[in-house]
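As structure tokens, the structure follows; a few thoughts come after it.
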There are 2 protein chains.
Amino acid sequence: MFCHLFTTEQNRPLCQAKKGVMKEKKEDRRIGRTRRLMHEALIALIVEKGYEAVTVQDILDRADVGRSTFYGHYRDKDELLLSSFEHLRTLFEEQQQALLASRRTGVESEINFILELFRHTGEHHQLYKAMAGKQSGEMILKYLHRYLYNLLIVPHLELMKLRASPPVPIEITTHYLVTTLLSLVTWWLDNQMPYPPEKMDEFFRRVTGPSIEAAFGRKVGAYEAIADKDPTGSVKAFYSLFVDSDCCPDK
Amino acid sequence: MFCHLFTTEQNRPLCQAKKGVMKEKKEDRRIGRTRRLMHEALIALIVEKGYEAVTVQDILDRADVGRSTFYGHYRDKDELLLSSFEHLRTLFEEQQQALLASRRTGVESEINFILELFRHTGEHHQLYKAMAGKQSGEMILKYLHRYLYNLLIVPHLELMKLRASPPVPIEITTHYLVTTLLSLVTWWLDNQMPYPPEKMDEFFRRVTGPSIEAAFGRKVGAYEAIADKDPTGSVKAFYSLFVDSDCCPDK
DNA sequence: TCTTTATTGAACACTATGTTCGATAAAATA
DNA sequence: TATTTTATCGAACATAGTGTTCAATAAAGA
């Protein structure tokens with residue numbers, strides 16, 4: 001199922017780059033296999049019993065891996081989850097890059113970020129369900145929220161340079177937008193995705209479009225431009241702050 | 001600070017009603033005092049270090065209460081939290097009843113439920129911060145979400161009886177509304193309440209008003225009626241399902 | 001084939017939760 | 001005020017889960 005996900009993962013205790021010798025060495029296959037087993041076990045267990053209820057022993061039993069092996073790879077359960085998330089991110093970024101590359105050869109060079117997010121979610125729904133569904137812990141959703149907020153607040157501030165005071169403060173509007181997007185994604189996952197990604201994208205736009213105009217107090221077709229602006233930068237930035245030490249809570 | 005909050009609390013292990021003898025007996029003052037100490041300790045500790053990080057021992061140390069005493073009153077930390085929440089609920093309901101009673105003597109008999117919620121939140125912001133702020137656990141917010149959703153979905157369905165298919169499915173619209181309300185409340189709490197309750201109410205309406213119309217595909221001034229409809233029933237029902245066994249997750 | 005390294009499980013330590021029980025002080029009652 | 005009831009205490013204990021160390025062994029790489 002996730003065979004390609006974790007093969008090239010880097011990790012602190014076993015990372016050779018940390019020894020000052022940067023060798024383009026292929027990773028020992030036992031490492032890749034062990035990590036993959038642990039990741040798969042975690043994802044399955046989250047969906048079954050909820051992240052908080054999963055114990056390290058549960059993971060070990062499911063993955064058929066020893067305790068000291070687990071701690072040889074990961075600091076704790078949270079780090080394993082973060083690692084899974086990072087690979088989901090890599091998947092998404094790679095897909096966006098490929099999409100962008102193919103788009104450059106065509107007439108339309110824009111990417112609909114929201115639609116792509118829903119599409120990716122649909123394709124990897126089990127993973128997303130474990131990460132962001134109702135059985136997940138709060139950690140990933142908090143990351144996502146913070147990230148998206150930081151992504152959107154800067155262009156919102158620029159948009160407001162020409163206006164002294166919108167009817168609704170832009171911090172609130174931005175918070176609202178991020179919350180709405182994430183809540184639609186989680187709703188979709190938790191309800192077995194009853195609509196196609198294109199429909200979800202449409203629902204999001206229908207609901208938030210008028211709100212943006214009301215909140216900013218002006219006719220904002222520019223919202224489309226904001227959401228889709230600089231897709232290359234957006235895609236890369238989308239996840240890149242999550243596992244950086246600066247952005248993460250309780251680190 | 002919270003001296004009046006927990007004095008009359010009922011609880012399973014020590015509740016005399018459970019013995020089949022329903023006596024209008026005043027509660028032993030030691031019970032009230034002990035519970036108050038524990039509740040106050042919990043609230044303070046949540047705000048300081050976050051709900052998940054608070055241990056039972058932390059609570060005992062802060063409250064200066066013995067371990068077996070704690071377990072004589074509450075099954076575990078979650079039950080103590082639920083108990084705190086129930087008293088917050090009682091506070092809210094009593095305030096709404098008083099408000100309703102005073103309103104009946106005046107010209108205007110309607111209550112703005114959303115505004116009252118923001119007002120109550122502001123008056124008891126430390127409590128709400130512990131219950132629903134960023135340091136809280138998920139439990140209460142999940143309860144609140146489920147409840148509000150159930151409160152709104154029925155009138156939404158009735159409103160839709162005359163229309164075959166809205167542009168946005170009403171489950172999604174309802175989910176969106178509840179999410180938006182709760183996210184505004186938590187935003188407000190987590191940002192030290194920079195605006196008065198009336199302003200927050202206005203922001204909520206500005207943002208969601210146009211969305212409702214777009215989502216339902218019709219001119220819905222009736223949303224005002226939906227939100228404020230049957231205030232007595234609404235207020236009582238608002239919290240009453242939270243601690244009932246039928247509605248709660250993982251019980 | 002030889003060397004390196006990932007993995008294993010046993011044993012252990014620690015933390016936190018949850019329980020039992022007799023002693024005592026506080027509260028309620030007569 | 002005296003007596004009875006009961007809430008509370010802390011010691012002692014058990015359990016579950018986390019995290020560490022280390023020698024042996026098998027798997028992977030050179």
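So you know, we letter chains A, B, ... as the sequences are listed, proteins then strands, and number each from 1. In what follows, every heavy atom counts, from backbone to side chain, and hydrogens, waters and symmetry copies are set aside.
- Between the CZ atom of B:Arg29 and the P atom of D:dT8 there is a distance of 13 Å, rounded to whole Å.
- Between A:Arg30 and D:dA26 there is no side-chain N or O to OP1 or OP2 distance below 4.0 Å.
- Nearest-nucleotide positions on DNA chain C place A:Phe70 closer to the 5' end than the other of B:Asp28 and A:Phe70.
- Between the CD atom of B:Glu27 and the P atom of D:dA7 there is a distance of 9 Å, rounded to whole Å.
- Atom-to-atom, CG of A:Leu60 to C1' of D:dT20 comes out at 14 Å; the value is rounded to the nearest Å.
- Under 4.0 angstrom from either OP1 or OP2 of C:dT19 there lies no side-chain N or O belonging to B:Arg67.
- Between B:Thr55 and the phosphate of C:dA16, there is no side-chain N or O to OP1/OP2 separation shorter than 4.0 Å.
- Taking atom CD1 of B:Ile31 as the reference point, atom P of D:dA7 lies 4 Å away to the nearest angstrom.
- Note that A:Lys142 lies outside the cation-pi zone of A:Tyr147, set by a 6.0 Å cut-off to the ring centre and a 45° limit from the axis.
- Considering only the side chain of B:Thr69, D:dC9 comes nearest among D:dC9, C:dT17, D:dG19.
- Proximity of the aromatic rings of A:Phe92 and A:His87 is defined here by a centroid distance below 6.0 angstrom, and this criterion is not met.
- The side chain of A:Arg33 lies closest to D:dA27, out of C:dA6, D:dA27, D:dC9.
- Looking at heavy-atom distances under 4.0 Å, A:Asp58 makes no contact with the nucleic acid at all.
- Between A:Gly66 and B:Lys77, the residue anchored nearer the 5' end of DNA chain C, judged by the nucleotide with its closest heavy atom, is A:Gly66.
- Distance, A:Asp78 CG to D:dT18 P: 11 Å, rounded to whole Å.
- The aromatic rings of B:Tyr195 and B:Trp187 lie parallel to each other, their planes meeting at an angle below 30°, with 60° marking the opposite boundary.
- Below 30°, between 30° and 60°, or above 60°: for B:His145 and B:Tyr149 the angle between ring planes is below 30°, a parallel geometry.
- Note on B:Arg75: every side-chain N or O is 4.0 Å or more away from OP1 and OP2 of C:dT17.
- Across the protein-nucleic acid pair, A:Asp61 atom CG and C:dG9 atom P stand 11 Å apart, rounded to whole Å.
- Distances shown here put every side-chain N or O of A:Tyr71 at or beyond 4.0 Å from the OP1 or OP2 atom of D:dT20.
- The base of D:dG19 is not paired with the side chain of A:Ser68 by any donor and acceptor separated by under 3.5 Å.
- Between A:Tyr176 and B:Phe203, the distance separating the two ring centers is not shorter than 6.0 angstrom.
- One can place CD1 of B:Ile59 at 16 Å from P of D:dT8, the figure rounded to the nearest angstrom.
- In this structure, CE of A:Met38 is placed 11 Å from C1' of C:dA6, rounded to the nearest angstrom.
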